[in-house]
Structures are given as structure tokens and as C-alpha cells.
Novice: 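Below: one structure in C-alpha cells.
A, B, ... follow the sequence lines: proteins, then strands. Residue 1 opens every chain.
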2 protein chains.
Amino acid sequence: MSCLLCHECALVPGKAPRYHRLVSNRPDLSLAQRKRQLVATELTEAALQLLALNGFDAVTVDEIATTAGVSKRTFFRYFASKEDVVVQFLADMGADMRAGLAARPAEERPSEALLHAVSVPLTVCGDHAERALPVVRLILRTPALLARFLEHEARWREELTEELAERLGLDPAVELYPRLAAGMAIAAFDTVLHRWSAEGDAGGAEDPTALIGRAFALLAPALDREAVS
Amino acid sequence: MSCLLCHECALVPGKAPRYHRLVSNRPDLSLAQRKRQLVATELTEAALQLLALNGFDAVTVDEIATTAGVSKRTFFRYFASKEDVVVQFLADMGADMRAGLAARPAEERPSEALLHAVSVPLTVCGDHAERALPVVRLILRTPALLARFLEHEARWREELTEELAERLGLDPAVELYPRLAAGMAIAAFDTVLHRWSAEGDAGGAEDPTALIGRAFALLAPALDREAVS
DNA sequence: CACTGCTTGACACTCGGTGACACGAGCGGC
DNA sequence: GCCGCTCGTGTCACCGAGTGTCAAGCAGTG
């Protein structure tokens with residue numbers, strides 16, 4: 001897995017929070033794996049540059065591939081779609097969120113546990129703002145990318161629903177609460193990201209970690225109700 | 001605008017709740033308009049039948065068009081994409097929701113106003129369950145259609161955000177509350193639709209109008225807080 | 001050296017979607 | 001009657017995303 005946020009680093013999977021390390025610094029990877037990693041970053045680098053410059057629709061996969069020095073066919077061996085080259089890293093965020101929720105103590109109130117789960121990817125964004133902010137803006141203002149982003153959010157909601165239901169011993173097919181609570185958490189995430197990436201005075205000014213705290217302060221009375229219907 | 005839910009009727013735009021009338025019963029429409037209406041319903045009929053039978057990916061636009069007796073080019077003069085032929089009616093739902101919110105008295109609590117707004121399209125679904133349920137299930141279980149559905153939901157959230165901000169005199173670019181509240185309402189809508197369209201015991205059993213009421217009972221303490229941050 | 005397995009490029013193909021153009025039906029004016 | 005107009009449609013050519021297939025290159029291994 002390559003990391004879109006840190007210039008040219010690779011993520012070590014299976015640990016949370018994930019380690020970010022330079023590809024050239026990884027003697028534990030085989031040569032083949034490092035070559036593969038190199039092609040992937042080359043491809044995303046080329047894509048981000050071209051897309052930010054010319055807009056999503058004006059750039060073809062062929063252009064991205066040849067800019068990175070490979071063929072179009074190879075591009076699709078690395079990424080499932082043209083959108084994925086920008087959005088792929090969101091899949092890891094979902095796994096991080098779920099893991100973050102699972103790691104919280106069982107007696108913690110739902111609002112606290114969900115806040116910490118959702119904060120994990122937001123803090124990563126905040127810590128790499130110079131690189132993350134333009135990418136987020138590109139995603140949110142490009143319809144095709146936004147659509148894929150929404151698909152990822154929906155998948156996150158699904159995962160949080162399962163994790164939350166298991167945590168509370170509820171059946172997500174019967175009770176409304178788990179999916180509703182997960183939906184509220186994702187709505188908070190989305191609102192914060194939208195606000196953070198806004199142009200103008202409010203944009204980028206406030207830290208996403210602080211924003212998500214304010215959002216959850218609003219949601220808490222609904223998330224922590226005793227009477228779970 | 002054709003109405004996907006009622007077998008072969010046309011919606012009269014600009015009124016809420018919309019009138020549903022048979023195409024053949026519309027002397028106020030010109031011959032050309034009725035012909036256009038006829039082709040549109042023929043297309044959606046053919047599409048729904050083929051897609052439900054063979055799955056979304058296994059059916060080409062050419063098949064749908066020739067089944068309906070027109071050319072592929074003509075299909076795209078009626079619908080912007082292959083998904084649109086199934087999902088297009090959702091655009092009206094968004095307008096209905098916004099209009100429903102705007103129509104509520106200004107002094108009403110946000111939870112009440114939003115509940116009524118979101119209930120409008122859900123009640124329509126519940127009233128035409130025999131026809132609406134299979135369509136909703138087709139959408140939610142087909143990735144490509146689900147993606148378009150999520151895009152529509154996002155648009156609805158945007159509209160509710162604007163309407164709510166105006167209603168409360170808040171700046172949606174600064175305050176988190178409007179977008180967050182709209183997101184909660186959409187999350188409730190989504191949860192209800194998901195639960196309603198579920199297979200098995202819970203599926204279709206409870207009325208969507210009743211379900212949305214229960215969902216909003218959970219959300220109300222967060223939606224109606226005095227201290228709007 | 002021969003064998004194996006993996007990655008890649010080249011090529012052909014399907015299908016969603018669009019632009020251009022020509023044809024015919026309906027319609028008003030003369 | 002005929003002309004010219006508009007509008008909807010079919011045909012055709014085209015672009016770009018995405019996939020299947022195959023042969024070539026190259027690392028590792030005996």
C-alpha cells in the first residue's frame with residue numbers, strides 16, 4: 001500500500017497507527033515489491049500532477065501512464081479505475097477507523113468511542129495538511145471523484161455499523177441504532193472535511209481534530225441515550 | 001417527468017405533493033409531449049425488466065433501447081447515463097424534501113421540520129410498496145446504481161443544508177450545525193430505506209413512515225439543542 | 001543451460017457516451 | 001398545392017475506460 005499523503009513513502013500494513021517509511025529505506029521488502037511500490041508512486045505522482053493541472057476529464061489514463069513511463073494496460077494492473085489512483089488510500093482509512101473503534105474500551109460511551117475512531121484518519125490529514133488539503137479539494141470538487149469518495153464513506157458506515165452492533169450486542173438488521181449512530185459519525189466526518197477543505201476564511205484555518213470534537217459535542221446527546229430503541 | 005413508482009403515470013411538476021396522472025389522461029399536454037412521455041416510460045419499463053432479470057452489468061444500453069423500440073442514440077437523449085434510467089426519479093425526491101422543509105412553520109423545532117421533510121418521499125415509497133420495493137432493492141444491491149443513489153443523497157444533504165441555514169439564519173460556511181443536522185436527517189432516511197428494503201423478517205414489515213419516526217426520536221435530542229455551536 | 005514464475009507491452013475488443021449529419025413528420029405561410 | 005421551418009430520430013464515426021489474451025523479458029532455481 002502506498003501512502004498518498006506522505007510524499008514517497010510506503011505504509012506498513014497491520015499496525016495502527018500505520019508506520020510511514022520511505023520506499024528506499026525498506027530492506028524488509030523484496031526487490032520485486034520495491035519495484036512495484038515505485039511504479040505505484042510514480043503513477044499516483046503523475047496522476048495528481050496532471051489532474052490538478054488540467055482537470056479530471058481532460059486527462060486520459062493513457063497520458064497518466066505514459067507520463068509515469070508505463071503502458072495503459074499496466075496502469076489498470078495497479079489501479080482498478082481512473083478514479084482509484086486518487087482515491088485508493090481511502091480504503092485504508094476505513095480499516096483504520098474500524099480498528100480504532102474496536103480498540104476502545106467496552107465501557108466507553110458510544111460518542112467517545114466513535115469520536116476516537118473517526119479522529120484517526122482526520123488527524124492524519126491534519127498532520128499532512130500541505131499535501132492532503134489539495135487532494136481533498138480535488139476530490140470534493142470533481143464529480144467523478146466525489147462519487148467514489150461517497151462510496152468509500154458508505155463502506156465505512158457499513159463497517160462502523162457492524163463493529164458498533166457487535167460492541168453493544170445489538171442486531172443491526174433489527175435495531176436502527178447501530179446504523180444510525182454510524183451514519184451520524186460519518187456525517188460528522190464529512191462535515192468536518194467539507195469545512196476544513198473550504199476556500200476562503202474558514203478553509204484550513206481550524207484543525208480537523210478540533211472541528212471533529214465540536215461536531216461530536218453536538219451529536220453526543222443523541223449517541224449516548226440510554227433508551228436504545 | 002415520469003414517475004417510476006406508479007406504473008405509467010406522469011408527474012405534474014411545481015406542486016407538492018405532486019399529482020400522479022395517467023399519460024393517456026392528459027389533454028393539457030401536446031401530442032409531442034405525450035409521445036415523448038410514452039418513449040420515456042417505454043424505456044424505463046424495458047430497463048427495469050431487463051435489469052431485474054439479468055443484472056445491471058449483463059444488460060447493454062443497446063439492448064434496452066432496441067427492446068423499447070428506439071436506437072441507442074435516442075436512449076441518451078432521454079437519460080444522461082445507463083444508471084439514470086433507474087435512478088432519475090430520485091431528483092424529484094430531493095426537490096420534494098427541500099420544498100417540504102421550506103413549508104414548515106418557522107417556529108417549529110428542527111427535528112420536527114426535518115422529520116416532515118424527509119417523510120415526504122418515504123411516504124410515497126410506502127404507498128407504492130409493491131412497485132417501489134423491488135426498485136429500491138435493485139438500487140441498493142447494484143454497486144453502480146448505489147453509487148448514483150449516494151450522489152443523490154449528497155445533493156439532498158446540500159439542499160437541506162442551505163434551506164436549514166436560511167431558516168435558522170446561520171452561515172453554512174462557518175457553522176457546523178446546518179450541514180451536520182442535514183447529514184443526520186439523510187442518515188436517518190438512509191437507515192430507514194436500508195431497513196425497509198432488507199430481505200427476511202424485518203424487510204418490508206414495518207411502514208417506512210413509522211420507521212422514520214422512530215429514527216428521529218433518537219436524533220431529536222441532538223437536533224434540538226439550544227446551544228448551537 | 002533449461003525450467004519456472006512473474007511483470008510487462010502490444011493488440012484487439014466491448015461498451016458507455018458524444019458529435020455530426022441526413023432524413024422524415026408535423027406545421028404555418030403563400 | 002408547395003415552400004421552408006423546426007424538431008425528433010437513426011446512422012455513422014469517434015473517443016476513452018476497461019478487459020482478455022498472448023508473447024517477450026527477466027529474476028530466481030536446479
Novice: Return the set of residues passing salt bridge (Lys or Arg N to Asp or Glu O under 4.0 Å) with B:Arg141 (not counting sequence neighbours), or none when no residue passes.
Specialist: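 Only B:Glu199 meet the salt bridge (Lys or Arg N to Asp or Glu O under 4.0 Å) criterion with B:Arg141.
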Novice: Suppose we screen for salt bridge (Lys or Arg N to Asp or Glu O under 4.0 Å). Which residues come up paired with B:Glu158, at least two apart in sequence or across chains?
Specialist: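 Partners of B:Glu158 under the salt bridge (Lys or Arg N to Asp or Glu O under 4.0 Å) test: B:Arg179.
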Novice: Can you tell me how far C1' of D:dG18 sits from CG of A:Asp84, to the nearest Å?
Specialist: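 To the nearest whole Å, that distance equals 12 Å.
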Novice: Suppose we screen for side chain to side chain contact (heavy atoms under 4.5 Å, CB included). Which residues come up paired with A:Ala52, at least two apart in sequence or across chains?
Specialist: none
Novice: Mind checking side chain to side chain contact (heavy atoms under 4.5 Å, CB included) for A:Ala182 and listing every partner two or more places apart, or none if nothing turns up?
Specialist: A:Arg157, A:Leu160, A:Thr161
Novice: List the protein contact pattern of nucleotides 8-18 of chain C with one symbol per nucleotide (5' to 3'): B for base contact, S for sugar-phosphate-only contact, - for none; contact means a heavy-atom distance under 4.0 Å.
Specialist: BBB----SBBB
Novice: Below 4.5 Å, heavy atoms only, C-beta onward: do A:Thr191 and A:Trp196 meet side chain to side chain?
Specialist: no
Novice: Grab the CD-P distance between B:Glu42 and D:dG8 for me, whole Å please.
Specialist: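 Rounded to the whole Å, the gap is 19 Å.
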Novice: Could you tell me, to 10°, how much the axis swings from one end of the helix from C:dC1-D:dG30 to C:dC30-D:dG1 to the other, five pairs per end?
Specialist: 10°
Novice: Strictly by salt bridge (charged side-chain N to carboxylate O under 4.0 Å, His left out), give each pair with a member in residues 54-82 of chain A just once, sequence neighbours left out.
Specialist: none
Novice: What residues, two or more places apart in sequence or in another chain, satisfy side chain to side chain contact (heavy atoms under 4.5 Å, CB included) together with A:Arg98?
Specialist: A:Glu159, A:Glu162, A:Glu163
Novice: Sequence neighbours left out, what pairs pass salt bridge (charged side-chain N to carboxylate O under 4.0 Å, His left out) with at least one residue falling in residues 116-130 of chain B?
Specialist: none
